[in-house]
2 protein chains.
Amino acid sequence: MDISIDEFTRKIRSRGYKLTPQRRVILEILIKNKDNPLTPEGVYKQVKISCSEVGLTTVYRTLELLRKIGVVNHVHFHDGCDRYEINDGKPHHYLICLNCGKVERTNLCFIDKMQKILEKDTAFKITEHCLSFFGYCRFCQLRK
Amino acid sequence: MDISIDEFTRKIRSRGYKLTPQRRVILEILIKNKDNPLTPEGVYKQVKISCSEVGLTTVYRTLELLRKIGVVNHVHFHDGCDRYEINDGKPHHYLICLNCGKVERTNLCFIDKMQKILEKDTAFKITEHCLSFFGYCRFCQLRK
DNA sequence: ATTTTAACTGAAAATTATTTTCAATTATTT
DNA sequence: AAATAATTGAAAATAATTTTCAGTTAAAAT
Ligand SMILES: [Mn+2]
Ligand SMILES: [Mn+2]
Ligand SMILES: [Zn+2]
Ligand SMILES: [Zn+2]
């Protein structure tokens, strides 16, 4: 369910944006890391490795653009920076250990149902949500 | 279901912390604003109004302390800063309009059920969660 | 193909949120 | 009242993000 480059091109162009090499590289990095949400800095570092002259500013700008067109989701680990992950259509949420920082991902989700009810109830048109759980992982429950 | 000053005092002292005037004032502000999560800056401004010599640094430190002892929750509106609200024991989540920024609150929540299942499923001990919905409010759905 | 043009870029500067440092102060215990 | 460890606020430091701006480029028009 990953976005294809063609689909990406279409989405970008149809809104008057240009498909630049920088945008393509950043998208590729996000796809490659579909299992862990990256910070802008994290994206930047990986972009640099796979070569390329891409500025950090452009990373920030591109991530926000991708979010706007629905290609990435924006998530929070409460660690002081934003994170982005490719939007694969499936809901998934995170379990973040307050002790060791370990992050687990889960696909269990009742949110869709909740969202439908909320929309009916409040007339709000929901396009994104952000859900994270904080607590203590298996390991940290024992020590400390 | 608001926390009482006695309960607060007990919670603080039992962990070796001191009950200072600053901490008391900050707690009062949070109780007074139980319906909208405040940023540290927001707390600071209100503290200043109700008089008091309290430094912004102390506000940051106190909010984090209150979170640690379970007196406040930490929420995110994706607007670049952390927010805190008094923990009244009830779950409530937010609907944040991506267009006008309006924030609505809802009590509808399936999270408790989800949390139980997750805990069983993952052996993670969950102590907090953060859920927000983003989209477009009634008004913004029409214009734009 | 060449021109045109608005979108895009990166470096540097600016801004904003948050954390750290440290010397002085204060709440609680003795 | 003294002892002591916790707490405080101002200032400095750090970290994340945004803005500015002059130069570049993708895509549309010729
Ligand atoms: Mn946070
Ligand atoms: Mn965010
Ligand atoms: Zn852990
Ligand atoms: Zn709105």
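Here is the naming used below: chain letters follow the sequence lines, and residue numbers restart at 1 for every chain.
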Taking the side chain of R23(B) as its heavy atoms from C-beta onward, which of dC8(C), dT9(C), dT7(D) lies nearest to it? dT7(D)
Is it true that R67(A) and E85(A) make a salt bridge, defined as a side-chain N closer than 4.0 Å to a carboxylate O? no
Nucleotide dA7(C), atom C1' - distance to CG of L65(A) in whole Å: 11 Å
Checking dA11(C), dT18(D), dT8(D) against the side chain of Y60(A) (C-beta onward), the nearest is dT18(D)
What's the closest nucleotide to the C81(A) side chain, out of dT18(C), dT17(D), dA6(C)? dT17(D)
May I ask you to test the Y84(B)-T39(B) pair for a side-chain heavy-atom distance under 4.5 Å? no
Are T20(A) and dT9(C) close enough that a side-chain N or O sits under 4.0 Å from OP1 or OP2? yes
Mind calculating the distance between NZ (K18(A)) and P (dT24(D)) to the nearest angstrom? 14 Å
Please state how far atom CG in D79(B) lies from atom P in dT18(D), giving the value in whole angstrom units. 11 Å
Between D35(B) and R105(B), does the salt bridge (Lys or Arg N to Asp or Glu O under 4.0 Å) criterion hold? Intermediate values first, please. CA-CA 8 Å; D35(B) 293 325; R105(B) 182 194 236 181; 3.2 Å; yes
Among the nucleotides dT9(C), dT18(C), dA10(D), whichever has the atom closest to the side chain of L56(B) is dT18(C)
Which nucleotide, dA11(D), dT19(D), dT17(D), lies nearest any side-chain atom of T57(B)? dA11(D)
From dT18(C), dT28(C), dA26(D), nucleotide with atom closest to L19(B) side chain: dT28(C)
Supply the atom-to-atom distance T62(A) OG1 to Y17(A) OH, rounded to the nearest 0.5 angstrom. 11.5 Å
Separation of atom CD in E64(B) from atom P in dA17(C), rounded to whole Å: 17 Å
Value in whole Å for how far the C1' atom of dA17(C) lies from OH of Y44(B): 14 Å
Classify R13(A) by what it touches in the nucleic acid, base, sugar-phosphate, or nothing, heavy-atom distance under 4.0 Å. sugar-phosphate
For N87(A), is there any backbone N or O sitting under 3.5 Å from a side-chain donor or acceptor partner on N73(A)? no
Across the strands shown, which category fits E41(B) at heavy-atom distances under 4.0 angstrom: base, sugar-phosphate, nothing? nothing
